[in-house]
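Everything on this sheet refers to the single structure shown next.
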Amino acid sequence: MNQTTNSNNSKSKSNRLHKSYKNFITEDFLLQNEFARKLYHNYAKKLPIIDYHCHLPPQDIANNKQFKNCAEIWLAGDHYKWRAMRTLGIDEKYITGGATDFDKFSKWAETVPYTVRNPLYHWTHLELERYFDIDVLLNKDSGHDIYEETSAILQEKTHSTQGLLKKMNVEVVCTTDDPIDGLEHHQKVKKENINLTLLPTFRPDKAYAVEDPILYLDYLEKLNDISGVSINSYKDLIYALNNRVVYFHKHGGRLSDHGLEQLYYFEIGTYNIEILFKKLKNKTQLEPDEINYFKFETLLHLCKMYHAQNWTQQFHLGALRNTNTRMFTKLGPDTGFDSIGDFSQAIPLVKFLNLLDSTGQLSKTILYNLNPNDNEVMATMIGNFNDGSIKGKIQFGSGWWFLDQKDGIEKQINALSNLGLLSCFIGMLTDSRSFLSFPRHEYFRRILCNLIGKDVANGELPEDEKWLGKIVSDISYYNAKEYFEF
């Protein structure tokens with residue numbers, strides 16, 4: 001199939017997909033009253049996207065990758081979809097195994113009707129509509145034609161990685177990058193002067209992942225090589241990490257990110273950090289409290305480095321990762337076997353932030369929680385350290401991972417509204433590995449506008465379209481632009 005225009009695409013669909021049910025994604029999807037519709041269409045819909053946290057491969061953007069088919073771009077690496085397919089009893093060969101791309105897509109098409117009330121149902125049909133102009137439901141009957149339709153469209157220049165980002169009006173993408181990354185792909189994008197700002201984010205989790213000394217020493221060798229620092233002591237480690245922070249800053253990095261079960265707090269000097277480092281160099285397993293202390297002190301040094309560079313630091317807290325040993329051994333991490341954890345957050349978090357604040361070294365900070373029970377903890381925590389220096393210095397991050405669906409987004413917005421200032425919120429991000437995930441920003445904006453629209457309809461807010469429209473515009477785009485100084 002060779003479609004060259006949207007008109008031809010539409011004709012093809014009308015001929016081949018006419019038996020499928022019409023998609024429910026209308027212009028007013030999720031907008032339940034007229035004021036909500038005004039807010040979305042007049043103040044949010046057309047704004048650019050600042051995606052300040054995602055996991056897109058920067059090499060795919062730099063090389064302007066063209067995907068072979070819809071299974072490659074849509075299913076590979078998407079553990080949300082994998083979990084749903086496994087739940088439905090689909091064999092692993094159709095998920096991460098050796099089945100053909102078409103067969104994998106067919107199994108996903110069979111799965112979609114069974115995802116009703118899961119966010120995947122909304123996301124799937126939003127993505128078909130926004131990227132491919134396909135306005136029918138994906139199911140077993142429509143799957144074959146939709147696979148052919150989307151795979152053909154993906155061969156067009158408009159649907160390369162850079163084309164897809166342009167299509168979604170994406171202005172800034174912040175990827176997630178290890179300190180040992182060379183950032184050559186970010187440099188390439190900058191040199192080519194495409195209409196996109198691609199920036200790295202410093203993600204040093206492996207720099208303090210000392211649970212396995214053998215793996216850790218292997219990582220230190222790589223850090224040693226790229227930093228040019230011979231890492232023979234803990235002091236050397238900190239020097240090497242600072243070297244990489246400076247390097248990231250030179251190449252546009254303005255954010256860090258950390259994935260932790262919880263922040264740790266100890267009295268400084270509880271353990272001699274150099275002795276702990278020597279144990280690791282000798283391949284000696286640390287005790288649990290020694291591991292946590294190593295994380296604490298290393299993270300404290302890193303946060304002071306971020307403050308020196310005027311960066312924003314992000315803490316993603318509360319994930320219980322790699323829970324299925326058998327599948328982790330078979331497939332590795334990030335394959336759909338993580339869940340919400342129930343870690344105690346408040347006391348170590350407040351002590352850690354206070355330690356930095358007490359020396360005037362607390363950077364702009366975004367706190368994300370994975371357990372919804374911690375919503376009010378985070379919403380009140382940010383108020384402890386907002387000091388009037390900038391608007392919304394400490395942020396309660398948007399609904400993350402298992403919480404980036406309608407209910408989770410609404411609960412995050414409500415907690416922030418009740419206990420802080422929603423008007424200062426920097427809004428949504430994709431946190432995704434997929435180039436088809438950017439309608440999640442639209443999803444968020446629609447939910448935001450609908451919540452405010454319902455408040456107006458209930459007489460809880462004035463029917464001030466201009467002012468509330470500004471609030472919506474700020475949360476959707478302008479607050480993030482000002483906060484990160486992009």
Side-chain angles (χ1 to χ4, degrees), residues 53-57 71-99 101 103-105 107-112 114-124 176 178 203-206 208-212 214-216 218-219 257-262 288 291-292 295 314-345 368-374 397-405 407-408 429-434 436-437 440:
H53 175 69
C54 75
H55 296 275
L56 293 180
E72 183 186 21
I73 191 173
W74 219 19
L75 302 180
D78 192 337
H79 50 78
Y80 288 85
K81 294 184 177 72
W82 296 352
R83 285 169 69 97
M85 294 168 77
R86 290 178 187 129
T87 301
L88 202 59
I90 291 174
D91 191 276
E92 193 67 29
K93 72 178 181 180
Y94 297 106
I95 302 171
T96 61
D101 285 351
D103 286 343
K104 289 179 177 179
F105 186 89
K107 290 296 184 182
W108 170 239
E110 292 178 22
T111 303
V112 169
Y114 295 95
T115 66
V116 290
R117 301 203 82 242
N118 184 288
L120 284 165
Y121 197 75
H122 285 169
W123 295 343
T124 294
T176 303
D178 193 279
R203 178 74 174 246
D205 292 0
K206 292 181 180 179
Y208 44 77
V210 294
E211 290 83 354
D212 185 329
I214 304 300
L215 290 177
Y216 186 66
D218 180 64
Y219 179 77
D257 182 53
H258 304 266
L260 297 159
E261 293 177 348
Q262 59 187 153
I291 290 171
N292 292 342
K295 293 177 185 292
Q314 302 175 91
F315 298 112
H316 285 84
L317 305 172
L320 193 62
R321 299 177 188 269
N322 306 318
T323 61
N324 188 320
T325 304
R326 177 174 60 86
M327 296 305 288
F328 177 76
T329 302
K330 181 179 179 180
L331 300 176
D334 303 321
T335 50
F337 300 96
D338 311 309
S339 62
I340 292 172
D342 56 355
F343 308 101
S344 178
Q345 300 291 353
Y368 307 87
N369 60 285
L370 196 55
N371 191 325
N373 289 332
D374 295 323
S398 61
W400 165 52
W401 199 344
F402 294 109
L403 304 182
D404 63 355
Q405 26 71 13
D407 182 64
L429 45 89
T430 63
D431 189 36
S432 176
R433 293 169 173 80
S434 173
L436 299 186
S437 291
R440 292 185 193 180

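Side-chain atoms are counted along with the backbone in the values below, which use heavy atoms only and exclude waters and symmetry mates.
Using a 3.5 Å distance cut-off with no hydrogens or angles, the side chains of D178 and Y219 do pair a donor with an acceptor.
Formation of a donor-acceptor pair under 3.5 Å by the Q345 side chain with backbone atoms of E261 is found in this model. Looking at T323, its side chain never comes within 3.5 Å of a backbone N or O of D338 through a donor-acceptor pair.
Under the salt bridge (charged side-chain N to carboxylate O under 4.0 Å, His left out) criterion, the residue pairs touching residues 86-95 are R86-E92, with sequence neighbours excluded. The stretch residues 72-85 participates, sequence neighbours left out, in these salt bridge (charged side-chain N to carboxylate O under 4.0 Å, His left out) pairs: K65-E72, D78-K81.
Y114 meets the side-chain contact (heavy atoms from CB on, under 4.5 Å) test with L88; sequence neighbours excluded. W400 is linked by a ring pair (Phe, Tyr, Trp, His ring centres under 6.0 Å) to H316, counting only residues two or more places apart in sequence or in another chain. Remark: K104 pairs with no residue by the salt bridge (Lys or Arg N to Asp or Glu O under 4.0 Å) rule, at least two apart or across chains. Under the rule for a ring pair (Phe, Tyr, Trp, His ring centres under 6.0 Å), F337 has no partner lying at least two apart in sequence or in another chain. Considering only residues two or more places apart in sequence or on other chains, D407 meets the side-chain contact (heavy atoms from CB on, under 4.5 Å) condition with Q405, K411. Residues that satisfy the side-chain contact (heavy atoms from CB on, under 4.5 Å) test with N118, not counting sequence neighbours, are T115, L120. Annotation: salt bridge (Lys or Arg N to Asp or Glu O under 4.0 Å) contacts of D212 (sequence neighbours excluded): none. Take F315 and apply the ring pair (Phe, Tyr, Trp, His ring centres under 6.0 Å) test, not counting sequence neighbours, and it matches H258. Residues satisfying the salt bridge (Lys or Arg N to Asp or Glu O under 4.0 Å) test with D103, not counting sequence neighbours, are none. Checked against salt bridge (Lys or Arg N to Asp or Glu O under 4.0 Å), R203 has the following partners two or more places apart in sequence or in another chain: D205, D257.
Taking NE2 of H55 as the reference point, atom OG of S434 lies at 12.5 Å (rounded to 0.5 Å).
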